[in-house]
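Below, each value reflects all heavy atoms present in this structure, side chains not excepted, and no hydrogens, waters or symmetry copies.
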Amino acid sequence: MIHLLFTLLMVQMAFILILSFANPLRNLLVKGLDLSKQGRGPLVTKTVAATMLVVFGSTVYTITNIQKRSKEAGLVNPTDEVLMAQRLLEATLLGFSLFLGLIVDRQHYYIREINLLRKNLDTAKKQSQNHQLSKKRVAEETEKTKVN
(Lines give C-alpha, C1' and ligand atoms only; values in the text may rest on other atoms or scores of the structure.)
Protein backbone atom coordinates (compact mmCIF):
# COMPACT_ATOMS: atom_id res chain seq x y z
CA MET A 1 0.00 0.00 0.00
CA ILE A 2 2.91 2.31 0.66
CA HIS A 3 4.10 2.09 -2.95
CA LEU A 4 0.62 3.01 -4.12
CA LEU A 5 0.50 5.99 -1.77
CA PHE A 6 3.93 7.19 -2.90
CA THR A 7 2.77 6.96 -6.53
CA LEU A 8 -0.42 8.85 -5.67
CA LEU A 9 1.60 11.59 -3.96
CA MET A 10 3.93 11.95 -6.93
CA VAL A 11 0.99 12.20 -9.34
CA GLN A 12 -0.71 14.80 -7.16
CA MET A 13 2.49 16.83 -6.89
CA ALA A 14 2.88 16.69 -10.66
CA PHE A 15 -0.72 17.92 -11.04
CA ILE A 16 -0.03 20.79 -8.65
CA LEU A 17 3.10 21.81 -10.56
CA ILE A 18 1.31 21.60 -13.91
CA LEU A 19 -1.61 23.66 -12.60
CA SER A 20 0.73 26.25 -11.07
CA PHE A 21 2.32 27.38 -14.33
CA ALA A 22 0.71 28.33 -17.62
CA ASN A 23 1.57 25.73 -20.26
CA PRO A 24 -0.24 23.53 -22.78
CA LEU A 25 -0.39 20.63 -20.30
CA ARG A 26 -2.32 22.83 -17.88
CA ASN A 27 -5.10 23.37 -20.42
CA LEU A 28 -5.25 19.62 -21.05
CA LEU A 29 -5.29 18.85 -17.33
CA VAL A 30 -8.01 21.42 -16.64
CA LYS A 31 -10.16 19.91 -19.39
CA GLY A 32 -9.57 16.44 -17.95
CA LEU A 33 -10.50 17.60 -14.46
CA ASP A 34 -13.61 19.30 -15.87
CA LEU A 35 -14.65 16.02 -17.47
CA SER A 36 -13.95 14.07 -14.29
CA LYS A 37 -16.17 16.43 -12.30
CA GLN A 38 -19.17 15.75 -14.54
CA GLY A 39 -21.65 12.93 -14.11
CA ARG A 40 -20.70 10.43 -11.43
CA GLY A 41 -17.17 11.75 -11.00
CA PRO A 42 -17.82 13.82 -7.85
CA LEU A 43 -19.62 10.90 -6.20
CA VAL A 44 -16.72 8.55 -6.91
CA THR A 45 -14.20 11.12 -5.72
CA LYS A 46 -16.06 11.74 -2.47
CA THR A 47 -16.39 8.00 -1.88
CA VAL A 48 -12.67 7.42 -2.41
CA ALA A 49 -11.80 10.38 -0.16
CA ALA A 50 -14.15 9.11 2.57
CA THR A 51 -12.60 5.65 2.34
CA MET A 52 -9.12 7.13 2.61
CA LEU A 53 -10.24 9.16 5.62
CA VAL A 54 -11.59 6.02 7.32
CA VAL A 55 -8.34 4.15 6.62
CA PHE A 56 -6.43 7.16 7.96
CA GLY A 57 -8.50 7.10 11.16
CA SER A 58 -7.98 3.35 11.52
CA THR A 59 -4.24 3.76 11.09
CA VAL A 60 -4.11 6.52 13.71
CA TYR A 61 -6.13 4.32 16.07
CA THR A 62 -3.67 1.45 15.54
CA ILE A 63 -0.77 3.81 16.25
CA THR A 64 -2.34 4.89 19.55
CA ASN A 65 -2.94 1.23 20.53
CA ILE A 66 0.71 0.38 19.85
CA GLN A 67 1.82 3.37 21.91
CA LYS A 68 -0.44 2.29 24.81
CA ARG A 69 0.97 -1.23 24.72
CA SER A 70 4.51 0.12 24.80
CA LYS A 71 3.74 2.39 27.76
CA GLU A 72 1.98 -0.38 29.70
CA ALA A 73 4.77 -2.89 29.13
CA GLY A 74 7.44 -0.36 30.03
CA LEU A 75 9.76 -1.53 27.28
CA VAL A 76 9.66 -1.29 23.51
CA ASN A 77 9.06 -4.50 21.63
CA PRO A 78 11.01 -4.59 18.32
CA THR A 79 7.95 -5.91 16.48
CA ASP A 80 5.83 -3.07 17.82
CA GLU A 81 8.54 -0.63 16.81
CA VAL A 82 8.48 -1.88 13.21
CA LEU A 83 4.67 -1.88 13.14
CA MET A 84 4.63 1.64 14.58
CA ALA A 85 7.01 2.92 11.89
CA GLN A 86 4.96 1.22 9.16
CA ARG A 87 1.66 2.62 10.40
CA LEU A 88 3.14 6.07 10.97
CA LEU A 89 4.40 6.13 7.38
CA GLU A 90 0.98 5.03 6.11
CA ALA A 91 -0.81 7.68 8.15
CA THR A 92 1.57 10.38 6.96
CA LEU A 93 1.19 9.43 3.31
CA LEU A 94 -2.61 9.20 3.58
CA GLY A 95 -2.80 12.60 5.26
CA PHE A 96 -0.55 14.20 2.66
CA SER A 97 -2.50 12.68 -0.21
CA LEU A 98 -5.81 13.95 1.20
CA PHE A 99 -4.28 17.41 1.65
CA LEU A 100 -2.80 17.47 -1.86
CA GLY A 101 -6.15 16.32 -3.26
CA LEU A 102 -7.74 19.39 -1.69
CA ILE A 103 -5.02 21.61 -3.16
CA VAL A 104 -5.54 20.19 -6.66
CA ASP A 105 -9.29 20.72 -6.34
CA ARG A 106 -8.90 24.35 -5.23
CA GLN A 107 -6.34 25.12 -7.94
CA HIS A 108 -8.68 23.69 -10.57
CA TYR A 109 -11.56 25.79 -9.21
CA TYR A 110 -9.50 29.00 -9.19
CA ILE A 111 -8.18 28.42 -12.72
CA ARG A 112 -11.73 27.92 -13.98
CA GLU A 113 -12.87 31.10 -12.23
CA ILE A 114 -9.95 33.09 -13.65
CA ASN A 115 -10.70 31.85 -17.16
CA LEU A 116 -14.37 32.76 -16.73
CA LEU A 117 -13.45 36.24 -15.48
CA ARG A 118 -11.08 36.75 -18.41
CA LYS A 119 -13.80 35.83 -20.89
CA ASN A 120 -16.23 38.20 -19.18
CA LEU A 121 -13.62 40.96 -19.22
CA ASP A 122 -12.95 40.44 -22.93
CA THR A 123 -16.65 40.63 -23.78
CA ALA A 124 -17.03 43.75 -21.63
CA LYS A 125 -14.07 45.36 -23.43
CA LYS A 126 -15.56 44.53 -26.82
CA GLN A 127 -18.94 45.93 -25.80
CA SER A 128 -17.27 49.06 -24.47
CA GLN A 129 -15.32 49.52 -27.71
CA ASN A 130 -18.49 49.01 -29.76
CA HIS A 131 -20.30 51.53 -27.59
CA GLN A 132 -17.47 54.05 -27.99
CA LEU A 133 -17.45 53.58 -31.78
CA SER A 134 -21.22 54.02 -32.01
CA LYS A 135 -20.98 57.09 -29.79
CA LYS A 136 -18.32 58.56 -32.12
CA ARG A 137 -20.48 57.87 -35.16
CA VAL A 138 -23.46 59.56 -33.60
CA ALA A 139 -21.33 62.55 -32.66
CA GLU A 140 -19.94 62.78 -36.21
CA GLU A 141 -23.42 62.51 -37.72
CA THR A 142 -24.77 65.25 -35.47
CA GLU A 143 -21.86 67.50 -36.45
CA LYS A 144 -22.56 66.86 -40.13
CA THR A 145 -26.23 67.70 -39.71
CA LYS A 146 -25.36 70.89 -37.83
CA VAL A 147 -22.93 71.95 -40.56
CA ASN A 148 -25.50 71.37 -43.33
Atom pair [atom1] ([X]) and [atom2] ([Y]), whose distance is rounded to the nearest 0.5 Å:
X: N65; Y: D80; atom1: CG; atom2: CG; value: 10.5 Å
X: S58; Y: R87; atom1: OG; atom2: CZ; value: 8.0 Å
X: T123; Y: K126; atom1: OG1; atom2: NZ; value: 8.0 Å
X: S70; Y: Q67; atom1: OG; atom2: CD; value: 7.5 Å
X: K125; Y: Q132; atom1: NZ; atom2: CD; value: 14.0 Å

Single-linkage hydrophobic cluster, 4.5 Å side-chain cutoff, [X] and [Y] together:
X: L17; Y: F96; answer: no
X: V104; Y: V48; answer: yes
X: L102; Y: M52; answer: no
X: L93; Y: F15; answer: yes
X: F56; Y: L83; answer: no

With a cut-off of 3.5 Å and sequence neighbours excluded, list every side-chain donor-acceptor pair involving residues 6-14.
from: T7; atom 1: OG1; to: H3; atom 2: O; distance (Å): 2.8
from: Q12; atom 1: NE2; to: S97; atom 2: O; distance (Å): 3.1

**Study point:** Criterion side chain to side chain contact (heavy atoms under 4.5 Å, CB included) on T47 and V44, from CA distance to verdict
**Key:** CA-CA 5 Å; T47 305; V44 172; 5.7 Å; no

Point to revise | Chi angles and distances behind the side chain to side chain contact (heavy atoms under 4.5 Å, CB included) call for L19, V30 | key: CA-CA 8 Å; L19 289 172; V30 168; 3.8 Å; yes

Point to revise | Criterion side chain to side chain contact (heavy atoms under 4.5 Å, CB included) on Q86 and I2, from CA distance to verdict | key: CA-CA 9 Å; Q86 177 84 10; I2 290 177; 3.2 Å; yes

**Study point:** Test log, rule side chain to side chain contact (heavy atoms under 4.5 Å, CB included), inputs V55 and M1
**Key:** CA-CA 11 Å; V55 172; M1 181 163 161; 3.8 Å; yes

Would you mind writing out the side-chain donor-acceptor pairs for residues 106-114 within the sub-3.5 Å range, not counting sequence neighbours?
from: Q107; atom 1: NE2; to: S20; atom 2: OG; distance (Å): 3.1
from: H108; atom 1: ND1; to: K37; atom 2: NZ; distance (Å): 3.1
from: H108; atom 1: NE2; to: D34; atom 2: OD1; distance (Å): 2.7

Exercise for review: Evaluate the side-chain proximity of I103 to L100: yes if any heavy-atom separation is below 4.5 Å, no if none is.
Suggested key: yes

Practice item. Test I63 against every option in K68, E90, M84 by the side chain to side chain contact (heavy atoms under 4.5 Å, CB included) rule and name the one that passes. Key: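 That would be M84; it is the only one of K68, E90, M84 passing the side chain to side chain contact (heavy atoms under 4.5 Å, CB included) with I63.
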
Review point. Between the side chain of S36 and the main-chain N/O of L33, is any donor-acceptor distance below 3.5 Å?
Key: yes

Exercise for review: Would you check if the side chain of T92 reaches a backbone N or O of L88 as a donor-acceptor pair within less than 3.5 Å?
Suggested key: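 A pair under 3.5 Å: yes.
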
**Study point:** Salt bridge K146-E143, side-chain N to carboxylate O under 4.0 Å
**Key:** no

